[in-house]
Amino acid sequence: MIVVDKVSKYYGAHRAVADLSFEIRAGECVGFLGLNGAGKSTTLRLLSCLLLPTSGRISVRGLDVVSSPHEIRKLIGYLPDTPPVYLEMTVTEYLDFAGRLRGLSGAELDKRRQRAFELCSLQQVARAPISELSHGYRQRVGIAQAVIHGPALLILDEPIQGLDPVQIVEMRRMIGNLRGEHTILLSTHILTEIEATCDRILVMHEGKIAAQGTEEELAARLKAHRSLVLEVRGALERVRAALASVPAARDVQLQQRGPEHVHVTLRVDDAAREQVAAAIVNAGLGLHAMQTQSGGLEAVFLQLSEQAGRSLPPPQAAVPITPSVARDASQVQS
Amino acid sequence: MSNIGIIARRELSGYFRTPSGYLIAAATLLVQGLLFNTRALGGTKLSSDVLIDFLRDSSGTTTVAAVLLTMRLFAEERQSGTLVLLFTSPVREAQIVVGKFLSAFIVLSLVIAASVYLPALIFVNGKVSLGHIAAGYAGLMLVGSATLSLGVLGSALARTQLMAGVLAAVFIFVFFLAWALAQVVEPPLREVIASFSLYEKHFFPFMRGLVQLSDVVYYVSLTYLALLASTRVIQSQRWQ
């Protein structure tokens with residue numbers, strides 16, 4: 001369906017997408033994951049013919065984005081990061097306009113509009129001016145305009161951004177309903193929000209694909225990178241000595257958080273976690289808290305992004321936590 | 001409905017659903033009425049001179065209205081993000097440009113037509129020919145068309161509405177100044193530069209009731225070229 005071959009995109013001297021290559025099969029639902037500025041939106045804009053690549057080739061169903069944008073536009077529905085809605089129009093008027101732009105008219109337009117209303121649960125606001133709708137509803141109207149003409153390829157840029165938890169669940173359900181009918185590409189910087197939505201996830205970092213795989217595959221990679229966080233009462237040197245007695249503990253990092261409070265981060269296999277706890281307790285130190293740091297796909301993406309940023313290629317099996325990475329991570333969280 | 005029609009219709013609803021269209025129309029008509037009272041009617045004049053003064057002032061109000069009407073066309077949609085809908089639909093850039101221009105032209109024509117009560121007053125109370133009025137209004141429509149298309153170009157180039165208005169004003173000013181510039185250079189350059197003049201060279205004949213093919217060709221060409229340039233600008237933005 002889509003072939004992206006060694007594509008780069010520069011905004012002036014700034015490189016947004018670097019030597020990107022991937023393929024997407026018809027009927028797939030693919031998620032693009034990355035931080036703001038990772039190149040997700042640029043990639044989606046290139047695929048929707050809004051922008052042209054600086055170098056490389058992109059083809060959609062064998063059509064080239066540079067030479068046949070008009071033909072490709074007939075195949076796609078696109079929701080940008082802010083829904084492209086005219087506030088003074090009602091939902092019905094707006095969808096009619098979007099449908100007519102895509103060549104629909106008469107009974108066909110009525111039928112398609114009805115279908116879009118049902119898919120996006122918009123019936124009750126059909127006559128409301130868009131200016132009176134909440135962000136969640138505007139987002140749905142944005143999706144409705146993207147699907148009204150039944151496009152083969154649906155491109156959704158941050159469809160979940162700014163929605164509340166209830167709306168997120170609904171949005172996931174809506175995207176689930178669209179699967180199968182369309183090839184779907186969507187982007188997000190908060191992966192947990194699209195869990196169980198995509199067949200495949202491409203993790204982007206600095207304009208490149210840092211990792212890809214199914215949700216499970218990425219989760220499995222995370223497991224290898226999972227770290228354990230401890231809050232220990234005691235002197236720093238004693239904590240260090242106690243942990244040194246556990247050979248399974250790797251990448252140990254200690255941080256004095258108070259006179260008798262040490263914050264510990266380390267990597268350890270699940271089976272050896274008990275040994276860590278025992279070593280602390282046996283040394284006469286107080287173990288106040290012990291937990292696995294995050295989980296979920298969010299962390300996979302964070303770690304893979306860090307990894308890609310630091311060394312591309314080759315991917316490393318384990319990433320030692322260094323102050324610079326810790327700082328990067330804290331910036332991400334803020 | 002053709003793509004141009006679909007876009008023009010939406011733009012028209014944009015003018016009439018928001019206060020902007022009414023505000024521009026009301027302001028233009030108010031200023032036109034005031035100018036008519038203070039300038040055209042001042043002193044003892046022949047009624048044809050009153051009409052000429054009115055038409056000269058109207059070419060100015062028409063120009064200002066054209067800038068105000070067009071500055072939002074692309075710049076507003078660029079700011080609100082709705083331009084993306086047009087650019088990802090199977091609609092040609094030229095159709096978008098022409099559709100938007102057409103909607104502004106329809107609104108401006110309505111505004112121009114609404115001022116016809118002023119020359120009607122001269123016609124009833126004085127002695128002017130209907131032909132003179134008709135020629136004057138044809139000229140106003142053509143000035144409107146040319147200044148609208150320069151406004152469309154400004155809006156296609158600008159990120160904000162304010163910037164669009166400034167750019168349009170600069171473009172129009174260049175054509176306005178062509179006449180003054182022509183006066184200070186030697187022939188044959190004088191003739192060449194004067195031929196670009198938006199008002200003195202090409203509108204003044206209409207003002208005096210004279211319809212000349214060369215003037216019509218000038219305004220139509222200027223409109224065509226500015227719209228063509230706008231289309232190219234829009235197309236080139238995909239490369240950025």
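Note on naming: letters A, B, ... go to the chains in the order of the sequence lines (proteins, then strands), and numbering restarts at 1 for each one. From a predicted model like this one, the values you see are computed outputs, not experimental measurements.
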| Region of Pro53(A) that comes under 4.5 Å of a non-hydrogen atom in chain B | backbone
| said: Is it the case that atom CZ in Arg56(B) sees more than 12 heavy atoms from other parts of the structure closer than 6.0 Å? | reply: yes
| field | Spatial distance of atom CG (Leu50(A)) from atom CD (Gln237(B)) [nearest 0.5 Å] | value | 11.5 Å
| field | Closest non-hydrogen atom pair, Pro84(A) against Gly81(B) | value | CB-O, 3.5 Å
| said: Would you compute the distance between atom CG of Leu101(A) and atom CZ of Arg10(B) and round it to the nearest 0.5 angstrom? | reply: 10.0 Å
| Can you tell which of Tyr11(A), Phe97(A), Tyr78(A) has the highest number of heavy-atom pairs within less than 4.5 Å of chain B? | Phe97(A)
| query | In Å, rounded to the nearest 0.5 Å, how long is the span from CD1 of Ile72(A) to OG1 of Thr88(B)? | reply | 12.5 Å
| request: Specify which of Ala98(A), Pro69(A), Gly103(A) makes the most heavy-atom pairs with chain B at under 4.5 Å. | output: Pro69(A)
| query | Would you say Phe22(A) has more than 12 foreign heavy atoms packed within less than 6.0 Å of its CZ? | reply | yes
| Does the side chain of Leu85(B) reach to within under 4.5 Å of the side chain of Tyr94(A), using non-hydrogen atoms? | yes
| Between atom CZ of Arg238(B) and atom CG of Leu51(A), what is the distance when rounded to the nearest 0.5 Å? | 8.0 Å
| message | Please check this pair: side chain of Arg17(B) against backbone of Glu88(A), looking for a donor-acceptor N/O pair closer than 3.5 Å. | response | yes
| field | Pick from Arg45(A), Glu93(A), Gln145(A) with the largest number of heavy-atom pairs that fall under 4.5 Å of chain B | value | Glu93(A)
| message | For Ser89(B) and Arg102(A), which I'm curious about, is there any donor-acceptor pair between the side chains at under 3.5 Å? | response | yes
| Side chain, backbone, both or neither: which part of Glu77(B) has a heavy atom under 4.5 Å from chain A? | side chain
| message | Heavy-atom cut-off 4.5 Å, strictly under: side chain, backbone, both or neither for Glu76(B) against chain A? | response | neither
